[in-house]
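Following: one structure in structure tokens, then a few remarks.
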Amino acid sequence: MLIKIPKKSELSENQVTQESVYLQRRQLLKGMGFIGAGTLLSSALSSKAHGSVFDLFKEEEKPVFTRKALSYSGQAGAENFPEKLTPEGKVISHNNFYEFGAQKHQPAELAQGFKVNPWQLKISGEVDKPVTLDYDRLFSTFALEERIYRLRCVEAWSMVIPWVGFPLAKLLKMAQPNSRAKYVAFETLHDPEQMPGQSSRRLGGGIAYPYVEGLRIDEAMNPLTLMSVGLYGKTLPPQNGAPIRLVVPWKYGFKSIKSIVGIKLLEKEPPTTWNLLAPHEYGFYANVNPGVAHPRWSQASERRITTGGLLARNRIETLMFNGYGEEVADLYKGMDLRKFY
Ligand code: MTE
């Protein structure tokens, strides 16, 4: 089935659910029965990533993370977006955040005590005016807007998520990149005390932390590229990358790095976490491309996670650039996307 894609991805919704994160988490734990395994890992590593985390996680001892309502200017409405939003309960319970475990249910459990305030995000490197934003300024420096985007994981599942945030371009312009700035490197917090996956190979999947990512400067400046501070009208929960993360909707989800503390403008292409771990599986560009299979997954179709039931999962065709070709195809004119995967 081909889905009709509206030109811009600017659609918005102000749909704040009242259920508490705590209740959703409990419901999920029951429903999931703690089954699952991290699948991004290359096969050699994945056998080592299994194992129980019950010894590390005692539910009753963890403080529950409270999310605050965000004020933002919506644009259009969710009613105009042709696809169903993924329910909030799914968005915040089926996660990839290896710093908190390589299995989908683990981040929602193990990240609940994560401290996001105080926080510092530094923009440095090839810029005329380095910038540092503290926790409050992440939410108050730029007007917040809502964007409904598809998120397509390289593991061939996808969601539709109403993010709240601001264009990365605004943040970069504030720092005034100089003429040598050709790439943008991103870095996640490195804090093994808070992020158990960073000190345990079993939990953290053998990744060399901190998690790092990168974009070309023109990709970073594209209006679709978002710095997100919230979803479903509230601040991000820790498992989705609080307090601030990147969202690049035309690329596989692993480019959308979470809990960012550093952004550096560079002359050369920066290293990226999954490329370092398994270069034959994960490239720097990672544009969603149904014509280029991953060694372990065809990318021709995807399982859209929509309704809550485990059986209610839809298989749909994957679209080139995740359906955002009109906005981004020009960035790759003349490039062989099989080579630059
Ligand atoms: N960022 C960090 N720091 N660590 C991670 O493990 N996982 C990535 C990305 N960002 C990851 C990360 C992957 S593989 C995906 S698919 C998305 O986050 C998932 O985002 P979500 O959990 O909010 O759906």
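In each ligand, atom 1 is the first atom listed, and ligand 1 is the first ligand listed.
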Could you list all the side-chain hydrogen bond (donor to acceptor under 3.5 Å, both in side chains) pairs where at least one residue sits in residues 127-144, not counting sequence neighbours? none
Just the distances, no angles: every ligand 1 N or O to protein N or O pair closer than 3.5 Å, one line each.
from: ligand 1; atom 1: 1 (N); to: Lys258; atom 2: N; distance (Å): 3.1
from: ligand 1; atom 1: 3 (N); to: Glu99; atom 2: OE2; distance (Å): 2.9
from: ligand 1; atom 1: 3 (N); to: Thr188; atom 2: OG1; distance (Å): 2.9
from: ligand 1; atom 1: 4 (N); to: Glu99; atom 2: OE1; distance (Å): 2.8
from: ligand 1; atom 1: 6 (O); to: Tyr98; atom 2: N; distance (Å): 2.8
from: ligand 1; atom 1: 7 (N); to: Asn96; atom 2: O; distance (Å): 3.1
from: ligand 1; atom 1: 10 (N); to: Ser256; atom 2: O; distance (Å): 2.9
from: ligand 1; atom 1: 20 (O); to: Arg245; atom 2: NH2; distance (Å): 3.3
from: ligand 1; atom 1: 20 (O); to: Lys258; atom 2: NZ; distance (Å): 3.4
from: ligand 1; atom 1: 22 (O); to: Asn95; atom 2: ND2; distance (Å): 2.9
from: ligand 1; atom 1: 22 (O); to: Asn96; atom 2: N; distance (Å): 3.3
from: ligand 1; atom 1: 22 (O); to: Lys258; atom 2: NZ; distance (Å): 2.6
from: ligand 1; atom 1: 23 (O); to: Asn240; atom 2: ND2; distance (Å): 2.9
from: ligand 1; atom 1: 23 (O); to: Arg245; atom 2: NH1; distance (Å): 2.6

If you group Ile, Leu, Val, Met, Phe, Trp and Tyr by side-chain heavy-atom gaps below 4.5 Å, do Ile257 and Val261 land in one group? yes
Hey, does Leu224 have a side-chain heavy atom less than 4.5 Å from the side chain of Tyr324? yes
Using the six-membered ring wherever Trp is involved, compare the ring planes of Tyr282 and His294 and label them parallel, tilted or perpendicular (cut-offs 30° and 60°). tilted
Looking at Lys182 and Glu269, is any side-chain nitrogen of the basic one under 4.0 Å from a carboxylate oxygen of the acidic one? no
Roughly how far, to the nearest 0.5 Å, is OG1 of Thr306 from CE of Met159? 10.5 Å
